[in-house]
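What follows is a single structure, written as structure tokens, with notes after it.
In what follows, chains are A, B, ... by sequence order, proteins preceding strands, each numbered from 1. Values below: every heavy atom of this structure, side chains too, minus hydrogens, waters and symmetry copies.
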There are 2 protein chains.
Amino acid sequence: MDSSQLLKGVLDVAVLAVLNERDSYGYDVVRRLREAGLEDVGDASVYGTLRRLFKAGALTSYVVASDEGPHRKYYGLNSVGRAQLTGSATMWTAFASTMNDLLKEVHAS
Amino acid sequence: MDSSQLLKGVLDVAVLAVLNERDSYGYDVVRRLREAGLEDVGDASVYGTLRRLFKAGALTSYVVASDEGPHRKYYGLNSVGRAQLTGSATMWTAFASTMNDLLKEVHAS
DNA sequence: GCCGGTAGTGCGCATTGCACAGTACTGTGC
DNA sequence: GCACAGTACTGTGCAATGCGCACTACCGGC
């Protein structure tokens, strides 16, 4: 009964979606994902995903000082990231639809 | 643009759902999943999942001879499997709903 | 006999989410 | 001044899992 595996391959899209709203930094992305309902998301997963996406060329990055703590490393979508987001979002929707079809009889019973 | 990661943690549920309709064997489960829309599912993944679920005590297993080829190892749900199916299906639905919320603005734009 | 379809097993890899430890800065309370 | 909680990021290493690939093996048709 562990939901953690459900995130596999989907955390990318979730992070991209959050960044699509507005630029953000790791710690804040974690907070926003948890507020959105992904309560079990691990912080290291998000930081790792951000670094991976950046390394893949999907994100821009800039550091901003903060007077409430250490510096914040902001990330934002570039064209590659936006393309990946729309592509992945479409794939997710199709996939989710397929899964719902498969599971609809389960819910019926 | 690889959809394979989406299956992570979900193939279990998909396989359980297919077996919930009726008992089946590996090769047939692969076919039925592909027909259902999971076209990219690998055969080794399904065989592995079946073995894993069986080892976890969620499935029964019996061998049936076939005159169209080699023997078939049928699998069926037991009470543990049915419980896992309903539990996982519920989790999936909640998760999918959360993801749809996160992505709804993406589709809007 | 060979080949394509059917059916299963085993090996090893790549991806990826996560736990955990460590670093570092800020403000509060003592 | 110092412990402590909250903020913020990094690095290491592990575990789960889907998949490619090779292999075995049985069948029918050419």
Rounded to the Å, how far apart are [X] [atom1] and [N] [atom2]?
| X | N | atom1 | atom2 | answer |
| --- | --- | --- | --- | --- |
| A:Leu50 | D:dC9 | CG | C1' | 11 Å |
| A:Arg34 | D:dT7 | CZ | C1' | 13 Å |
| B:Leu11 | C:dT16 | CG | P | 17 Å |
| A:Tyr27 | C:dT26 | OH | P | 16 Å |
| B:Phe54 | C:dG8 | CZ | P | 14 Å |
| B:Lys55 | D:dT17 | NZ | P | 12 Å |
| A:Phe95 | D:dG18 | CZ | C1' | 12 Å |
| B:Leu16 | D:dT17 | CG | P | 12 Å |

* Structure fact -> Result for 5'-nearest mapping on DNA chain C, choosing between A:Val46 and B:Tyr74, is B:Tyr74
* Determine which pairs satisfy ring pair (Phe, Tyr, Trp, His ring centres under 6.0 Å) with at least one residue from residues 19-43 of chain A, sequence neighbours left out, and list them in order. => A:Tyr25-A:Tyr74
Nucleotide of [options] approaching [X] most closely (side-chain heavy atoms):
| X | options | value |
| --- | --- | --- |
| B:Arg31 | D:dT7, C:dT6, C:dG17 | C:dT6 |
| B:Ser45 | C:dC18, C:dG8, D:dC19 | D:dC19 |
| A:Arg72 | C:dT6, D:dC19, D:dT7 | D:dT7 |

* Heavy atoms under 4.0 Å is the rule here; annotate nucleotides 23-30 of chain D 5' to 3' with B where the base is hit, S where only the sugar-phosphate is, and - elsewhere. => --BBS---
* Asked: Taking B:Thr90 for the side chain and B:Thr86 for the main chain, is one N or O donor matched with an acceptor at less than 3.5 Å?
  -> yes
* With distance as the sole test, does B:Arg72 use its side chain to make a donor-acceptor pair with the main-chain N or O of B:Ser66 at under 3.5 Å? -> no
* Asked: Within less than 4.0 Å of OP1 or OP2 of D:dG18, is there a side-chain N or O belonging to B:Arg52?
  -> yes
* Asked: Does OP1 or OP2 of D:dG18 have a side-chain N or O of B:Thr49 closer than 4.0 Å?
  -> yes
* **For C:dC30, the Watson-Crick or wobble counterpart (both distances under 3.5 Å)** => D:dG1
* Between B:Val13 and A:Leu102, is any pair of side-chain heavy atoms under 4.5 Å apart? -> no
* Are any non-hydrogen side-chain atoms of A:Leu16 and B:Val106 less than 4.5 angstrom apart? -> no
* **Pairwise distance OG(B:Ser79) to CD(B:Gln84) - rounded to 0.5 angstrom** => 11.5 Å
* Mind checking the CG-CZ spacing from A:Leu38 to A:Arg32? Nearest 0.5 Å is all I need. => 13.0 Å
* Structure fact -> By side chain to side chain donor-acceptor pair (under 3.5 Å), A:Asn78 pairs with (sequence neighbours left out) none
* Asked: Looking at residues at least two apart in the chain, or sitting in another chain, which of them share a side chain to side chain donor-acceptor pair (under 3.5 Å) with A:Asp23?
  -> A:Tyr62
Measure all distances between protein nitrogen or oxygen atoms and nitrogen or oxygen atoms of nucleotides 9-13 of chain C, and list the pairs falling under 3.5 Å.
unit_1, atom_1, unit_2, atom_2, d
C:dT9, OP1, B:Lys73, NZ, 2.2

Counting only pairs under 3.5 Å, give me each side-chain donor-acceptor contact of residues 51-61 of chain B, with atom names and distances, residues two or more places apart or in other chains.
unit_1, atom_1, unit_2, atom_2, d
B:Arg51, NE, B:Tyr47, O, 3.3
B:Arg52, NH1, B:Asp12, OD1, 3.3
B:Arg52, NH2, B:Thr49, OG1, 3.4
B:Thr60, OG1, B:Gly76, O, 3.3

